[in-house]
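In this text, all values refer to a predicted model and were calculated from it rather than measured experimentally. Order of listing sets the numbers, starting from 1, for every ligand and every atom in it.
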Amino acid sequence: MATNKIALVTGGSRGLGRNMAINLAKKGIDVILTYNSNKKEADHVVSMIQALGQHAAAFQLNAGDTRSFDSFIRTVTDHLKNQTGQSNFDFLINNAGTALYAPFIETSEEQFDAVYNIHYKGVFFLTQKALPFINDNGRIINISSGLARFTLPGSSAYGSAKGAIEVLTRYLAKELGSRGITANVVAPGAIETDFGGGHVRDNKDTNAYVASVTALGRAGLPDDIGGIVAFLCTDDARWINGQRIEASGGMNL
Ligand code: NAP
């Protein structure tokens with residue numbers, strides 16, 4: 001593991017994070033991934049990455065519980081120290097998250113707090129606590145959403161939390177440039193995963209609506225996203241910094 005670059009992908013057990021983890025491994029990058037409750041799926045992704053010839057491990061993380069971050073970072077860095085002799089890694093991909101669909105007028109403070117903690121506060125402080133262990137010239141990639149650019153009813157809390165990490169990403173790029181660390185946002189459109197109960201994938205009306213407002217005429221697939229994140233971790237992407245890259249097939253243009 002000593003010579004390979006290493007990525008930490010939150011929420012790598014399913015959906016977009018799993019696709020990112022596998023695409024990173026295909027580029028010769030070792031992967032630490034996290035899951036919240038689905039250890040079995042996470043272990044499956046670890047096996048898939050190992051079959052590609054890369055090192056991989058999975059650890060539990062609740063991305064909305066900042067009090068758990070010190071012990072999570074210790075677990076990851078102890079693991080790396082055992083495996084490689086040093087505690088550092090190269091790429092942090094803040095991907096983990098759950099959906100909330102609720103009209104603004106009905107959104108409770110509990111729902112707001114849950115979304116804010118996972119999608120914004122958790123990203124802020126996990127990145128802060130990971131930073132001493134991210135190698136110089138490393139990369140931070142935050143996963144936002146098309147819903148931070150365009151609006152659909154029912155996503156006021158979620159969309160505004162994603163908007164917050166887009167602004168945060170520019171500040172990270174500015175403040176971490178002195179260490180050669182870049183920070184970028186990837187903003188997927190609606191993608192067919194388990195997200196939000198799998199409604200983009202499983203609800204025919206939703207899927208057809210997404211296709212109808214997308215220039216390329218269909219909903220997105222996990223494979224449309226993972227390779228972009230993997231590319232951002234290559235040397236060819238070294239000059240991309242502080243950018244929002246939307247990958248939505250041209251949704252709501
Ligand atoms: P998904 O298929 O539902 O997978 C969610 C992943 O996040 C799983 O690995 C899950 O772990 C993990 N996770 C969920 N809640 C967590 C928590 N509280 N703490 C830590 N990990 C947690 O969702 P996805 O579609 O891949 O979404 C990934 C990211 O893309 C999210 O940030 C989402 O907002 C964003 N996004 C998705 C879409 C879309 O249409 N799918 C569009 C734009 C942006 P377990 O397996 O253990 O549950």
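Looking at I118 against ligand 1, only its side chain comes within 4.0 Å, counting heavy atoms. Counting heavy atoms closer than 4.0 Å to ligand 1, residue L61 contributes backbone atoms (N, CA, C, O) but none from C-beta onward.
Residue contact check: S145 has heavy atoms under 4.0 Å from atoms 43 (C), 44 (C) of ligand 1. Heavy-atom contacts of R14 reach the following atoms of ligand 1: 3 (O), 8 (C), 9 (O), 10 (C), 45 (P), 46 (O), 48 (O) (cutoff under 4.0 Å). Atoms of ligand 1 lying under 4.0 Å from at least one heavy atom of H119, given by number and element, are 32 (O), 34 (O). Each of the atoms 45 (P), 47 (O), 48 (O) of ligand 1 lies under 4.0 Å from some heavy atom of S37. When each atom of ligand 1 is checked for a heavy atom of G15 under 4.0 Å away, the hits are 2 (O), 26 (O). Which parts of ligand 1 touch I143 is read off a 4.0 Å heavy-atom cut-off, strictly below it: atoms 30 (O), 35 (C). Heavy-atom proximity to A96, at under 4.0 Å, picks out these atoms of ligand 1: 7 (O), 20 (C), 21 (N), 22 (C), 32 (O). Under a 4.0 Å criterion applied to the non-hydrogen atoms of T98, ligand 1 contributes the atoms 14 (C), 15 (N).
Under a cut-off of 6.0 angstrom, the local environment of CZ in F150 is crowded, with over 12 non-hydrogen atoms contributed by other residues, nucleotides or ligands. Counting non-hydrogen atoms of neighbouring residues, nucleotides and ligands closer than 6.0 angstrom, the CD atom of E175 reaches no more than 12 such neighbours. For NE2 of H199, the number of neighbouring non-hydrogen atoms (other residues, nucleotides, ligands) closer than 6.0 Å is greater than 12. Within a 6.0 Å radius of OH in Y101, other residues, nucleotides and ligands contribute more than 12 heavy atoms.
Annotation: side chain of I140 is in contact with side chain of T127 (closest heavy-atom distance under 4.5 Å).
How far CG of L8 is from CZ of F133: 12.0 Å, rounded to the nearest 0.5 Å. Between the CG atom in D30 and the OG1 atom in T84 there is a gap of 9.5 Å [rounded to 0.5 Å]. If you take CG on L33 and CZ on F59, they are separated by 9.0 Å, rounding to the nearest 0.5 Å. Separating the CD atom in E41 from the CG atom in N36 is a distance of 13.5 Å, to the nearest 0.5 Å. Taking CG of N95 as the start and OG of S144 as the end, the distance is 11.5 Å to the nearest 0.5 Å. The line from CG of N137 to CG of D90 is 9.5 Å long, rounded to the nearest 0.5 Å.
A side-chain N or O of T169 and one of N142 form a donor-acceptor pair less than 3.5 Å apart.
In terms of protein heavy-atom proximity, atom 9 (O) of ligand 1 is closest to S13 OG, 2.7 Å. Scanning the protein for heavy atoms near atom 19 (N) of ligand 1, the closest one is A63 N, 2.7 Å. In terms of protein heavy atoms, atom 34 (O) of ligand 1 is closest to Y158 OH, 2.5 Å. Atom 27 (O) of ligand 1 has its closest protein heavy atom at F195 CD1, 3.8 Å. Of the protein's non-hydrogen atoms, N62 OD1, 3.2 Å is the one closest to atom 18 (N) of ligand 1. Protein heavy atom in closest approach to atom 37 (C) of ligand 1: L16 CD1, 3.8 Å. Closest protein heavy atom to atom 7 (O) of ligand 1: G97 N, 3.4 Å. Protein heavy atom nearest atom 22 (C) of ligand 1, with residue, atom name and distance: N36 CB, 3.5 Å.
Ligand 1 does not have V200 within reach: every non-hydrogen atom of the residue lies 4.0 Å or more from it. Heavy-atom separations between E41 and ligand 1 are all 4.0 Å or longer. Heavy-atom distances between K162 and ligand 1 reach below 4.0 Å in at least one pair. At least one heavy atom of S144 sits less than 4.0 Å from an atom of ligand 1. Heavy atoms of G189 come nearer than 4.0 angstrom to ligand 1 in at least one pair. Look at K39 and you'll find every heavy atom at least 4.0 Å from all atoms of ligand 1.
Annotation: Y35 places no N or O atom under 3.5 Å from an N or O atom of ligand 1; distance criterion only. In terms of polar-atom proximity, defined here as any N/O pair under 3.5 Å, I191 does make such a contact with ligand 1. For ligand 1, the polar-atom distance check against G11 finds a nitrogen or oxygen pair separated by under 3.5 Å. For ligand 1, the polar-atom distance check against A190 finds no nitrogen or oxygen pair separated by under 3.5 Å.
Note on I32 and V123: same hydrophobic cluster, where clusters join Ile, Leu, Val, Met, Phe, Trp and Tyr whose side-chain heavy atoms are under 4.5 Å apart, directly or indirectly.
Note: Y116 and F112 have parallel aromatic rings, judged against thresholds of 30 and 60 degrees for the angle between ring planes.
For the pair R218 and D224, the salt-bridge criterion is met [side-chain N within less than 4.0 Å of a carboxylate O]. Using a 4.0 Å cut-off between a side-chain N of Lys or Arg and a carboxylate O of Asp or Glu, K81 and D78 do not qualify as a salt bridge.
Listed for the N184 side chain is a donor-acceptor partner under 3.5 Å among the backbone atoms of I240.
In this structure, of I165, T193, N95, the residue bringing a heavy atom nearest to atom 32 (O) of ligand 1 is N95.
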